Amino acid sequence: MVAGSTVPPSSRGEPWFEDGNIVLLAQAEDTASQNTTIAFKVHRGVLARHSEVFQSMFEVAKAGPDDADVTDNCPVVHMYDRPTELSALVRALYDGASFEHRSIQDFYRIAGILRLATKYFIAYLRREAIRHLLRTWPHTLAGHDRFIERAVKAPLVDDLTYPYVHPLHVLNLARETHVQIIVPSAIYFLSLYTLPDILRGDHPKLRVEHPSRPSSELSSRDLQDYTLMFQHRIDVIMDFIRQDCTARTPKKECKGESGACQKAFVRLGSRLSRSWVVRTGPLHYMVQAIDELANDPSVCAPCRRAFKADVLASRERIWKELPGIIGLPSWDELERADLAE
């Protein structure tokens, strides 16, 4: 754009305020491989109020030489951000953030806001974005169970299953923005995919085009963490089948017929050993085992109750230990690091 010119309507982004006092210019690559300039006319004070980085940038622009860039009678600041992400950030600063999780497009929007809130040190907006991501990519066992329930019940959206986004994109966004609290669950759910599937990168969720799409590559660092989590998940399944089911003995309060409960545990272990597959998630599998034993009439009530209590306690322990599998601190420490005000 030429200094002193007026921005044509076709190059005006959202928001554009006629009474704004500074113009932000951002470059976008269009489908013709040409750079397209998008302009945002905003209020210097509104953005500076939320970010010291913006404040410093605007002070430099204000104190620039007489021949500094001016358009629409406003000083110009050249931004090195994607226009879609800059638009989402600025609108969130004016109107407040409103996050949804209805489709993969909602994930891309929050990805853009999280990137720029991190870049421009807008701490409260970064925390809001992280908290929203945690509603899907959990840091609690209850959140994990809600995730599974939604995955089972939610309809397809744009031919994509819930949660609509691939865990590899969630993981790479977390790495890019230094958000550690999302990493354990992202890697846990990523470990449900085989390594060849990940390396091919041809899953439909990885191929949706969008300017804010994170990398679809698995880094060498995350390859190691993926491998650790994949092996841990298999070990948990096998230990549960062998120790908590097949080798389980009745409680001393057992009221079943002689040997009936013991045989039921062996049968359960045998069925589970034949039904699991490489993509089985152990935490949900354990809940299914509780339900299966509860429907076995040969098991007495005390043994059913004891089995349920023990399995639920094991699930809590497994979830609590999840960050440590990939060398991260506890969930509480991760929460303090990423969400503390």
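In this text the structure is predicted, and so the values were computed from the model without any measurement.
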So, does R279 use its side chain to make a donor-acceptor pair with the main chain of L192 at under 3.5 Å?
yes
Taking 4.0 angstrom as the limit, do R315 and D310 come out as a salt bridge?
no
Between W137 and F189, how do the two ring planes meet: parallel, tilted or perpendicular, split at 30° and 60°?
perpendicular
Between Y193 and H166, does the ring centre distance come in under 6.0 Å?
yes
Is the closest side-chain donor-acceptor distance between S330 and D332 under 3.5 Å?
no
Side-chain contact, heavy-atom cut-off 4.5 Å: F230 with L195?
no
Can you get from V236 to V287 by hopping between Ile, Leu, Val, Met, Phe, Trp and Tyr side chains that sit under 4.5 Å apart?
no
Compare all side-chain heavy atoms of E176 with those of L114 and state whether any distance is below 4.5 angstrom.
no
Taking C-beta and beyond as the side chain, do H139 and E335 meet within less than 4.5 Å on heavy atoms?
yes
Closer than 3.5 angstrom, by distance alone: can the side chain of D197 be matched with the main-chain N or O of H203 as a donor-acceptor pair?
no
For the residue pair H50 and Y120, confirm or rule out a side-chain donor-acceptor distance under 3.5 Å.
no
Pairs where residues 249-261 contributes a residue and the test side chain to side chain donor-acceptor pair (under 3.5 Å) is met, not counting sequence neighbours
none
Check: C261 and C254 side chains under 4.5 Å, non-hydrogen atoms
yes
Going by heavy atoms in the side chains, are V170 and I182 under 4.5 Å from each other?
yes
Could you check if a side-chain atom of F307 sits within less than 4.5 angstrom of a side-chain atom of C245, using non-hydrogen atoms only?
yes
For D158, does the CG atom sit with more than 12 other heavy atoms under 6.0 Å from it, leaving out its own atoms?
no
Y108 ring centre to R213 NZ or CZ under 6.0 Å, with the angle to the axis within 45°?
no
Would you call E316 and K320 a salt bridge, using N to O less than 4.0 angstrom?
no
Is R304 reaching over with its side chain to a backbone N or O of V299, donor-acceptor style, under 3.5 angstrom?
yes
Hey, is R207 close enough to D202 for a salt bridge, meaning N to O under 4.0 Å?
no
Is any NZ, NE, NH1 or NH2 atom of the basic residue among D106 and R102 found under 4.0 Å from an Asp or Glu carboxylate oxygen of the other?
yes
Would you tell me whether R267 and S298 have side-chain atoms, one donor and one acceptor, within less than 3.5 Å of each other?
yes
Side-chain donor-acceptor contact under 3.5 Å, D69 with H78
yes
In this structure, CE of M229 is separated from CD1 of I326 (nearest 0.5 Å) by 4.5 Å
Run R131 and E341 through salt bridge (Lys or Arg N to Asp or Glu O under 4.0 Å) and show every step you take.
CA-CA 13 Å; R131 288 193 182 100; E341 298 187 8; 3.7 Å; yes
Does the pair H178 and T118 meet the rule for a side chain to side chain donor-acceptor pair (under 3.5 Å), with working shown?
CA-CA 9 Å; H178 313 291; T118 301; over 6 Å; no
What's the spacing between D81 CG and L89 CG if we round to 0.5 Å?
8.0 Å
State whether the side chain of S215 and the backbone N or O of E217 hold a donor-acceptor pair below 3.5 Å, judged by distance alone.
yes
Looking only at non-hydrogen atoms, find the nearest pair between L160 and P204 and report the distance.
CD2-CB, 4.0 Å
Ring centre gap for F17 and F40 strictly below 6.0 Å:
no
CD1/I318 to NE2/H144 distance, rounded to the nearest 0.5 angstrom?
10.0 Å
Go through it in stages, so that I can follow the logic: the residues are V311 and F240, the test is side chain to side chain contact (heavy atoms under 4.5 Å, CB included), and I'd like the CA-CA distance, side-chain angles, deciding distance and then a yes or no.
CA-CA 9 Å; V311 173; F240 172 66; 3.8 Å; yes
CG (D222) and CD1 (I187) are apart, to the nearest 0.5 Å, by 5.0 Å
Rounded to the nearest 0.5 angstrom, the CD-OG1 distance for Q262 and T246 is 10.0 Å
Should W276 and L272 be regarded as members of a common hydrophobic cluster, given that ILVMFWY residues are connected when their side-chain heavy atoms come within less than 4.5 Å of each other, either directly or indirectly?
yes
Measure the acute angle between the ring planes of H101 and Y164, then classify it against the limits of 30° and 60° as parallel, tilted or perpendicular.
tilted
Minimum heavy-atom separation for Y226 to T194, with atom names?
OH-C, 3.3 Å
Is R150 close enough and on-axis enough to Y162, meaning under 6.0 Å and within 45°, for cation-pi?
no
Are F99 and R109 close enough, and set up right, to give a side chain to side chain contact (heavy atoms under 4.5 Å, CB included), and what steps lead you there?
CA-CA 8 Å; F99 300 124; R109 177 175 176 273; 3.6 Å; yes
Do F58 and M79 sit in one hydrophobic cluster, given that two such residues count as connected whenever their side-chain heavy atoms are within less than 4.5 Å of each other, even indirectly?
yes
Let me confirm one number: the CZ-CE distance from R44 to M57, rounded to the nearest 0.5 Å.
12.0 Å
Looking at E292 and R271, is any side-chain nitrogen of the basic one under 4.0 Å from a carboxylate oxygen of the acidic one?
yes
Please check if any side-chain donor atom of H43 sits under 3.5 Å from a side-chain acceptor atom of Y94, or the reverse.
yes
Please report the shortest heavy-atom distance between I130 and D338, naming the atom on each side.
CD1-O, 3.8 Å
Just by distance, no angles: are the side chains of D235 and Q231 close enough, under 3.5 Å, to form a donor-acceptor pair?
yes
Would you call K41-D19 a salt bridge at under 4.0 Å N-O?
no
Answer with yes or no whether the side chains of T177 and K119 bring together a donor and an acceptor at under 3.5 Å.
no
Is it true that, when you exclude E52 itself, more than 12 heavy atoms of the residues, nucleotides or ligands shown sit nearer than 6.0 Å to its CD?
no
Which is it for K205 and L168 under the side chain to side chain contact (heavy atoms under 4.5 Å, CB included) test, yes or no, and what are the steps along the way?
CA-CA 10 Å; K205 293 178 182 178; L168 180 57; over 6 Å; no
Count I, L, V, M, F, W, Y as connected when their side-chain heavy atoms are under 4.5 Å apart, and connections chain through other members. Are F147 and V152 then in the same cluster?
yes
What's the shortest heavy-atom distance between P329 and P323, and which atoms?
O-CB, 3.1 Å
Which atoms form the tightest heavy-atom contact between S191 and R233, and what is the distance?
O-NH2, 2.5 Å
Please examine the side chains of F54 and L93, heavy atoms only from C-beta on, and report whether any two atoms are closer than 4.5 Å.
yes
Please step through side chain to side chain contact (heavy atoms under 4.5 Å, CB included) for the pair I110 and H132, ending with a clear verdict.
CA-CA 9 Å; I110 193 173; H132 179 77; 3.2 Å; yes
Quick check: does any side chain N or O of T280 sit under 3.5 Å from a backbone N or O of V277, one acting as donor and the other as acceptor?
yes
Kindly give the heavy-atom pair with the smallest separation between W319 and P138, and that separation in Å.
CZ2-O, 3.7 Å
Looking just at side-chain N and O atoms, do Y285 and S275 make a donor-acceptor pair shorter than 3.5 Å?
yes
Below 4.5 Å, heavy atoms only, C-beta onward: do L134 and L339 meet side chain to side chain?
yes
Polar contact flag, side-chain donor to acceptor under 3.5 angstrom, E14-S87
no
